[in-house]
Asker: 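Sharing a structure, written as structure tokens. Questions coming.
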Amino acid sequence: MRKRVLLVGLFFPSQSKIFTTRVMAEKLDLISKCIRTFYDFPTKGIVFKDICPILKDPKALAAVTDLFEEHVRRRYPQVDLIVGIDARGFLFGPLLAQRLGVGFVPVRKKGKFPGPTLSVAYSLEYGTAEAEMQEDAVSAGEKVLIIDDLLATGGTLYAACELIKQQKAEVLGCLVVIELKSLNGSEKLPSTPVFSLIQY
Ligand SMILES: O=P(O)(O)OC[C@H]1O[C@H](OP(=O)(O)OP(=O)(O)O)[C@H](O)[C@@H]1O
Ligand SMILES: Nc1ncnc2[nH]cnc12
């Protein structure tokens, strides 16, 4: 009898699993409906994904935080810090860090931080820039997750990973709301898992 119950459990997922999957799908649907596309912004040929409507919809913004939180609690319970990237990573990072009860550290574009900084130059889908972090922001050995709104060519996340490594901390992975798969950004981060909510 017990054997039969176990077999049934193997072939038919439990009601709670079905419910969780449905809730997750509803959240992803809500988020994806809030992403707008603009052509030729900021330069000709770029298909720009605009996340601003997510911020205007409290349910969609909570859905982003819920899904990231769920993933991090399951996969990275050891995380010490969330590192967010200027500027759109700042919109999601502190919310997630608060939920997890860990600190948030910003990576900014060059020239914004007082005091000693580390910097890494990089290129992104539509230009070049330099990423900076305060020298004392992350300690050696800390376990870090990096968050941003979007992964395109991967130049930005790569630069952020380099900054963390310069401080002898460990990058556990990266979290993004949107991944533009056709640009192969994750290939620039071969040893860093990237978790994305929505893929194009
Ligand atoms: O994968 P990549 O090709 O590097 O591109 C992704 C980056 O581009 C955008 O930032 P942007 O520099 O435009 O800054 P913003 O957030 O201040 O608009 C986006 O928010 C990512 O950080
Ligand atoms: N296509 C894109 N849409 C929005 N943000 C971006 N950052 C880099 N590429 C982008």
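The first residue in the sequence is number 1, and the count goes up from there. In listed order, ligands and their atoms are each counted from 1.
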Asker: Work out whether the distance between some heavy atom of Gly154 and some atom of ligand 1 is less than 4.0 Å.
Answerer: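 Yes, that is the case, since the closest heavy atom of the residue is under 4.0 Å from the ligand.
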Asker: Go through it in stages, so that I can follow the logic: the residues are Phe48 and Phe38, the test is ring-ring contact (aromatic ring centres under 6.0 Å, His included), and I'd like the CA-CA distance, side-chain angles, deciding distance and then a yes or no.
Answerer: CA-CA 5 Å; Phe48 191 89; Phe38 289 89; 7.3 Å; no
Asker: For Thr153, take its heavy atoms, then give the atoms of ligand 1 lying under 4.0 Å from any of them.
Answerer: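 Near Thr153, meaning under 4.0 Å from one of its heavy atoms, ligand 1 has 1 (O), 2 (P), 3 (O), 4 (O).
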Asker: Tell me the protein heavy atom at minimum distance from atom 9 (C) of ligand 1, and give that distance in Å.
Answerer: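 Of the protein heavy atoms, Arg88 NH2, 3.3 Å lies nearest.
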Asker: Does any N or O in the side chain of Gln167 come within less than 3.5 Å of the main-chain N or O of Ile164, such that one atom is a donor and the other an acceptor?
Answerer: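 Not confirmed, Gln167 side chain does not pair with Ile164 backbone.
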Asker: Which of the atoms in ligand 1, numbered in the order shown and given with their element, are less than 4.0 Å from a heavy-atom of Ala152?
Answerer: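 Near Ala152, the atoms of ligand 1 are 1 (O), 2 (P), 3 (O), 5 (O).
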Asker: Could a heavy atom of Leu124 be found less than 4.0 Å from some atom of ligand 2?
Answerer: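 So Leu124 does not count as touching ligand 2.
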Asker: For the pair Phe195 and His71, name the ring-plane relationship: parallel under 30°, tilted 30 to 60°, perpendicular over 60°.
Answerer: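 If you compare the ring of Phe195 with that of His71, the planes turn out parallel.
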Asker: Identify, by atom number and element, the atoms of ligand 1 in contact range of Lys109, meaning under 4.0 Å from any of its heavy atoms.
Answerer: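 Result: 11 (P), 12 (O), 14 (O), 15 (P), 17 (O).
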Asker: Whether the side chain of Asp40 engages the backbone of Gly45 through a donor-acceptor N/O pair (distance < 3.5 Å, no angle test) should be reported.
Answerer: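 Checked: pair present.
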Asker: Can you measure from CD1 (Ile82) to CD1 (Ile146) and round to the nearest 0.5 angstrom?
Answerer: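 Between Ile82 CD1 and Ile146 CD1, I get 10.0 Å after rounding to 0.5 Å.
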Asker: Atom 8 (O) of ligand 1: which protein heavy atom is closest, and how many Å away?
Answerer: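 Result: Leu124 CD1, 3.4 Å.
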Asker: If the cut-off is 4.0 Å to any non-hydrogen atom of Glu125, which atoms of ligand 1 fall inside it?
Answerer: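 Taking each heavy atom of Glu125 in turn, ligand 1 has 3 (O) under 4.0 Å.
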Asker: Using distance alone, determine whether Ala87 and ligand 1 share an N or O pair under 3.5 Å.
Answerer: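 Yes.
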Asker: Would you call Lys110 and Glu132 a salt bridge, taking side-chain N to carboxylate O under 4.0 Å as the test?
Answerer: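 So Lys110 pairs with Glu132 through a salt bridge.
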Asker: Find the distance between NZ (Lys49) and OH (Tyr200) and round it off to the nearest 0.5 Å.
Answerer: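 Rounded to the nearest 0.5 Å, the NZ-OH separation comes out at 4.5 Å.
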Asker: Would you mind running through ligand 2 and noting each atom that sits below 4.0 Å from a heavy atom of Leu150?
Answerer: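 Going through ligand 2 atom by atom, the ones under 4.0 Å from Leu150 are 3 (N), 4 (C), 5 (N), 6 (C), 7 (N), 8 (C), 9 (N), 10 (C).
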Asker: Determine whether a donor-acceptor pair (N or O, by modelled atom type, separation under 3.5 Å) exists between the side chain of Gln134 and the backbone of Pro116.
Answerer: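 Side chain of Gln134 to backbone of Pro116, a donor-acceptor pair under 3.5 Å: no, none is there.
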Asker: Which heavy atom of the protein is the closest neighbour of atom 4 (O) of ligand 1, given with residue, atom name and distance?
Answerer: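 Of every protein heavy atom, Thr156 OG1, 2.5 Å lies nearest to atom 4 (O) of ligand 1.
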Asker: With rounding to the nearest 0.5 angstrom, report the CD to CD distance, Gln98 to Glu69.
Answerer: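 Going from the CD atom of Gln98 to the CD atom of Glu69 covers 11.5 Å.
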Asker: What atoms of ligand 1 come closer than 4.0 angstrom to any heavy atom of Asp149?
Answerer: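 Answer for ligand 1: 19 (C), 20 (O), 21 (C).
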Asker: Would you check if Cys52 and Cys34 make a side-chain contact, meaning some heavy-atom pair closer than 4.5 Å?
Answerer: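 The answer is no, as the side chains (C-beta and beyond) never meet within the 4.5 Å cut-off.
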Asker: By number and element, which atoms of ligand 1 are closer than 4.0 Å to a non-hydrogen atom of Leu150?
Answerer: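 Numbered from 1, ligand 1 contributes 6 (C), 21 (C).
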Asker: Between Ala62 and Arg99, which heavy-atom pair has the shortest distance, and what is it?
Answerer: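 Smallest interatomic distance, heavy atoms only, reads O-NH2, 4.0 Å.
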Asker: Any chance you could measure Ile51, atom CD1, to Ile198, atom CD1, to the nearest 0.5 Å?
Answerer: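 Between Ile51 CD1 and Ile198 CD1, I get 12.5 Å after rounding to 0.5 Å.
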Asker: Write out the residue and atom name of the closest protein heavy atom to atom 3 (N) of ligand 2, then the distance separating them to 0.1 Å.
Answerer: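 Protein heavy atom at minimum distance: Lys49 N, 2.9 Å.
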Asker: Just heavy atoms, cut-off under 4.0 Å: does Leu180 contact ligand 2 by side chain, backbone, both, or neither?
Answerer: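 Just the side chain.
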Asker: Quick one: which ligand 2 atoms are inside 4.0 Å of a heavy atom on Ala152?
Answerer: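 Checking each atom against Ala152, I get 8 (C), 9 (N).
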Asker: Between Arg88 and Asp148, does any NZ, NE, NH1 or NH2 come within less than 4.0 Å of an OD or OE carboxylate oxygen?
Answerer: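 Salt bridge: no.
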Asker: Are any of the N/O atoms on Asp149, whether in the backbone or the side chain, positioned under 3.5 angstrom from an N/O atom of ligand 2?
Answerer: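 No, there is no polar N/O contact under 3.5 Å.
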Asker: List the closest protein heavy-atom neighbour of atom 10 (C) of ligand 2: residue, atom name, distance to the nearest 0.1 Å.
Answerer: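 That would be Glu125 OE1, 3.3 Å.
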Asker: Could you tell me whether a side-chain N or O of Asp80 sits under 3.5 Å from a main-chain N or O of Glu142, the two making a donor and an acceptor?
Answerer: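 No: the side chain of Asp80 does not pair with the backbone of Glu142.
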Asker: State if Tyr126 counts as touching ligand 1 under the rule of any non-hydrogen atom under 4.0 Å.
Answerer: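 Yes.
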Asker: Just to confirm my output: which protein heavy-atom neighbour is closest to atom 7 (N) of ligand 2, and how far is it?
Answerer: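 Residue, atom and distance for the closest contact: Tyr126 OH, 3.1 Å.
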Asker: Which of the atoms in ligand 1, numbered in the order shown and given with their element, are less than 4.0 Å from a heavy-atom of Asp148?
Answerer: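 What qualifies from ligand 1 is 20 (O), 21 (C), 22 (O).
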Asker: For ligand 2, which atoms sit closer than 4.0 Å to a heavy atom of Arg88?
Answerer: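 By the 4.0 Å cutoff, the relevant atoms are 4 (C), 5 (N).
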Asker: Below 3.5 angstrom, do we get any N/O pair linking Ser123 and ligand 1?
Answerer: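 No, since none of the N or O atoms of Ser123 sits under 3.5 Å from an N or O of ligand 1.
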